[in-house]
Amino acid sequence: MHGAPLGRLCMAMLGSQAEAEECVQEVLLAAHDAFPSYRGEGSVRAFLFGIARRMCARRLEMRGRRERRLRLVHDADAPSSTPEGLLEARREAEKVREALERLKPSERDAVVMRYQGGLEYREIAAACGIDEPAARKRVSRGLARMKELLSEVER
């Protein structure tokens, strides 16, 4: 039930399918161990995404900034099946990846959780340990910054 969205989040944050799958397994094991301390203040989904976010952040920190490569999933969902359309979709996805990498980590996490993980703002808030208005603000700032970065690329 939560495995696929967790996998998409980890894939979006880590950029490696194998590493994302490994991370999801670790998240589920950590959640199993931590579940007795779960206070029920947020949804189980937010609880799991909070653990996943922290584990992914640790992995990225260990990997080092120069090796970090954020990959969005769904490159295969390109609007066109022609080679030119696929190439253009891939170029656009790369621009988005680069813009995501340049966001502040807190904003990047919020944007990825919202649009790749499909979390509601209250779930993002619970996962990040902030209130809902702050989660909305992080997503909003992240999107505004991405729009700015993407418009710079087009010039």
Side-chain angles (χ1 to χ4, degrees), residues 1-35 37-77 89-90 92-153:
M1 177 177 192
H2 298 296
L6 285 170
R8 287 192 299 271
L9 173 75
C10 292
M11 178 62 189
M13 292 184 76
L14 300 172
S16 162
Q17 186 68 41
E19 194 172 8
E21 290 173 1
E22 186 178 310
C23 190
V24 169
Q25 290 177 3
E26 290 176 13
V27 166
L28 295 174
L29 288 171
H32 181 268
D33 292 342
F35 205 72
S37 66
Y38 173 62
R39 296 183 308 239
E41 293 174 357
S43 68
V44 171
R45 184 176 170 160
F47 174 70
L48 291 171
F49 272 76
I51 294 170
R53 182 181 66 85
R54 287 187 296 278
M55 285 194 158
C56 288
R58 268 188 243 123
R59 283 177 174 262
L60 288 172
E61 189 176 314
M62 288 178 5
R63 191 187 310 169
R65 188 162 181 91
R66 67 176 162 68
E67 293 180 49
R68 185 174 4 172
R69 198 78 185 139
L70 224 52
R71 300 224 183 261
L72 297 177
V73 247
H74 307 305
D75 274 1
D77 293 344
R90 186 161 296 214
E92 290 298 317
E94 187 60 36
K95 290 176 189 175
V96 171
R97 285 183 198 115
E98 290 173 14
L100 271 171
E101 286 181 6
R102 293 179 60 190
L103 292 180
K104 290 181 3 185
S106 60
E107 292 172 357
R108 179 180 52 239
D109 291 350
V111 168
V112 169
M113 281 191 268
R114 177 74 175 140
Y115 295 101
Q116 282 299 121
L119 267 67
E120 300 292 324
Y121 291 108
R122 64 180 163 68
E123 294 174 312
I124 295 169
C128 295
I130 57 177
D131 60 8
E132 188 173 339
R136 287 179 182 277
K137 193 65 171 175
R138 283 186 185 180
V139 172
S140 174
R141 283 184 182 153
L143 290 176
R145 178 72 176 132
M146 282 187 68
K147 184 177 177 181
E148 179 183 307
L149 291 168
L150 290 170
S151 68
E152 287 175 8
V153 171

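Below, all heavy atoms of this structure are taken into account, side chains as well, without hydrogens, waters or symmetry copies.
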Hey, what's the ring geometry for Tyr38 with Phe47, parallel, tilted or perpendicular (30° and 60° as the breaks)?
-> tilted
Any side-chain hydrogen bond (donor to acceptor under 3.5 Å, both in side chains) pairs touching residues 42-58, not counting sequence neighbours?
-> Ser43-Glu123
Is it true that the side chains of Glu21 and Gln17 contain a donor and an acceptor less than 3.5 Å apart?
-> yes
Return the set of residues passing side chain to side chain contact (heavy atoms under 4.5 Å, CB included) with Ala20 (not counting sequence neighbours), or none when no residue passes.
-> Cys10, Met11
Might you point out which heavy atoms bring Leu100 and Val112 nearest each other, and give the distance in Å?
-> CD2-CG2, 4.2 Å
Any side-chain heavy atom of Ile130 within less than 4.5 Å of one from Arg138?
-> yes
Any Lys/Arg nitrogen of Glu98 or Lys95 sitting under 4.0 Å from an Asp/Glu carboxylate oxygen of the other?
-> no
Between Glu101 and Arg97, is the closest basic N to carboxylate O distance under 4.0 Å?
-> no
Looking only at heavy atoms, which two atoms of Gly142 and Leu103 are closest? And how far apart?
-> O-CD2, 3.6 Å
Rounded distance (nearest 0.5 Å) linking atom CG of Leu48 with atom NE2 of His2 | 6.0 Å
Quick one: pull up OH in Tyr121 and SG in Cys128 and give me the separation to the nearest 0.5 Å.
-> 12.5 Å
Taking the side chain as every heavy atom from C-beta outward, state whether Val27 and Cys23 have any pair of such atoms under 4.5 Å apart.
-> yes
Any Leu6 side-chain heavy atom under 4.5 Å of Leu28 side chain | yes
Minimum side-chain heavy-atom gap Asp109-Met13 below 4.5 Å = yes
Just jot down the side chain to side chain donor-acceptor pair (under 3.5 Å) partners of Arg145, sequence neighbours excluded, or say none.
-> Glu148
Test side chain to side chain contact (heavy atoms under 4.5 Å, CB included) applied to Ala30 - qualifying residues, sequence neighbours left out = Ile51, Met55
Nearest 0.5 Å please: distance from the CD1 atom of Ile124 over to the CZ atom of Arg136.
-> 9.0 Å
Contacts of type side chain to side chain donor-acceptor pair (under 3.5 Å), residue Ser106, not counting sequence neighbours = none
Applying side chain to side chain donor-acceptor pair (under 3.5 Å) to Glu22 and not counting sequence neighbours gives Arg59
